[in-house]
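Here the structure comes first, spelled out in structure tokens, and everything after it is commentary.
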Amino acid sequence: MSDTAIAAGRGHFVTFEGGEGAGKSTQIERLRKRLHGAGVDVVVTREPGGSPGAETIRRLLLGGRIKELGPEMEAMMFAAARADHVDTTIEPALRRGDWVLCDRFADSTRVYQGEAGVDTAFLDRLEALAVAGCRPDLTVLIDVPADVGIARVAARSSTGSAPQPDRFETEGENVQDRRRRMFLELAASQPERFLVVDGMQTPDAVEQEIWRAVSARLLQAEEEAWR
Ligand code: TYD
């Protein structure tokens with residue numbers, strides 16, 4: 001796999017991160033439509049999962065079967081799923097010149113498994129193995145307070161518009177709040193890669209903010225590369 005970020009002809013890799021109930025899926029769909037309208041080929045994918053092998057691992061992880069083996073083992077399983085996803089879905093799409101929009105990626109492991117107590121040096125090594133140089137060009141962090149995210153997930157589950165909460169969604173407000181702070185710290189440490197959006201705005205306002213950043217950072221860079 002190559003370390004080249006945006007070589008001419010290579011697609012763009014945009015990841016979406018945030019706590020539970022941040023509104024990632026809505027915004028991914030909106031960005032997909034806008035890019036499609038701009039004539040861009042888009043692949044939408046998610047983690048854990050996004051390839052047949054990784055979807056098998058997803059079922060184990062979200063069912064809680066790996067939890068009893070401890071957070072290090074969970075981190076390794078997320079990384080194993082990611083390695084397969086990168087190899088079989090993300091890298092081939094980027095090489096074709098497609099845009100890839102991914103619901104969660106390596107930053108989720110940093111935050112969720114980091115919060116669960118996994119050592120940073122261990123997470124560094126796992127990440128390097130799993131992503132093999134395939135790093136996002138842009139990461140959109142949709143930020144909402146923990147209580148708001150929890151209330152949104154609860155409302156989705158009670159109206160039957162979503163499946164019952166998974167193993168990670170049932171954790172308490174303190175945990176969700178620590179994850180929120182860790183995401184914000186990560187974003188502050190890499191401002192060139194992250195766009196932090198206030199998820200308390202209307203969905204239309206969030207969409208516009210994301211579109212402005214994508215046009216400014218990636219679409220324009222692409223046009224210049226071809227000039
Ligand atoms: P999912 O149903 O895809 O939820 P969401 O809409 O919140 O993305 O479930 C993924 C869950 O797995 C989510 O609670 C976050 C967690 N997760 C990790 O703990 N580590 C990871 O590396 C990833 C990708 C997800």
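All ligand and atom numbering here is 1-based and tracks the order in the structure. All residue numbers refer to positions in the sequence shown, counting from 1.
Residues Pro136 and Arg193 are in side-chain contact: their nearest non-hydrogen atoms beyond the backbone lie under 4.5 Å apart. At least one side-chain heavy atom of Arg217 sits under 4.5 Å from a side-chain heavy atom of Leu195. Residues Ser108 and Gln113 form no side-chain contact, since every pair of their non-hydrogen atoms from C-beta on lies 4.5 Å or further apart. Between Cys134 and Phe13 the shortest side-chain heavy-atom distance falls below 4.5 Å.
Set against the non-hydrogen atoms of Thr109, the atoms of ligand 1 under 4.0 Å away are 21 (C), 22 (O). Close contacts of ligand 1 with Glu20, meaning ligand atoms under 4.0 Å from a residue heavy atom, involve 7 (O), 13 (C), 14 (O). Per-residue contacts place Pro48 under 4.0 angstrom from the following atoms of ligand 1 (heavy atoms of the residue considered): 10 (C), 24 (C), 25 (C). Atoms of ligand 1 lying under 4.0 Å from at least one heavy atom of Arg58, given by number and element, are 1 (P), 2 (O), 3 (O). Below 4.0 Å from some heavy atom of Arg82 lie the following atoms of ligand 1, by number and element: 22 (O), 24 (C).
Distances from atom 25 (C) of ligand 1 to the heavy atoms of Phe105, Phe16, Phe78 show the closest one on Phe78. The residue among Arg104, Glu74, Glu47 with a heavy atom at the shortest distance from atom 7 (O) of ligand 1 is Arg104.
The residue Glu127 has no part lying near ligand 1, judged by heavy-atom distances below 4.0 Å. Counting heavy atoms under 4.0 Å from ligand 1, residue Leu62 touches it through the side chain alone. When non-hydrogen atoms are compared, ligand 1 lies under 4.0 Å from the side chain of Gln113 (C-beta onward) but not from its backbone.
The pair Arg95-Glu91 meets the salt-bridge criterion, since a charged nitrogen lies less than 4.0 angstrom from a carboxylate oxygen. Using a 4.0 Å cut-off between charged side-chain N and carboxylate O, Glu127 and Arg82 make no salt bridge. A salt bridge is absent between Asp107 and Arg135; no separation between the charged side-chain nitrogens and carboxylate oxygens falls under 4.0 Å. A salt bridge is defined here as a Lys NZ or Arg NE, NH1 or NH2 lying under 4.0 Å from an Asp or Glu carboxylate O, and Arg180 with Asp143 meets this definition.
In terms of N/O distances under 3.5 Å, ligand 1 is not approached by Tyr112.
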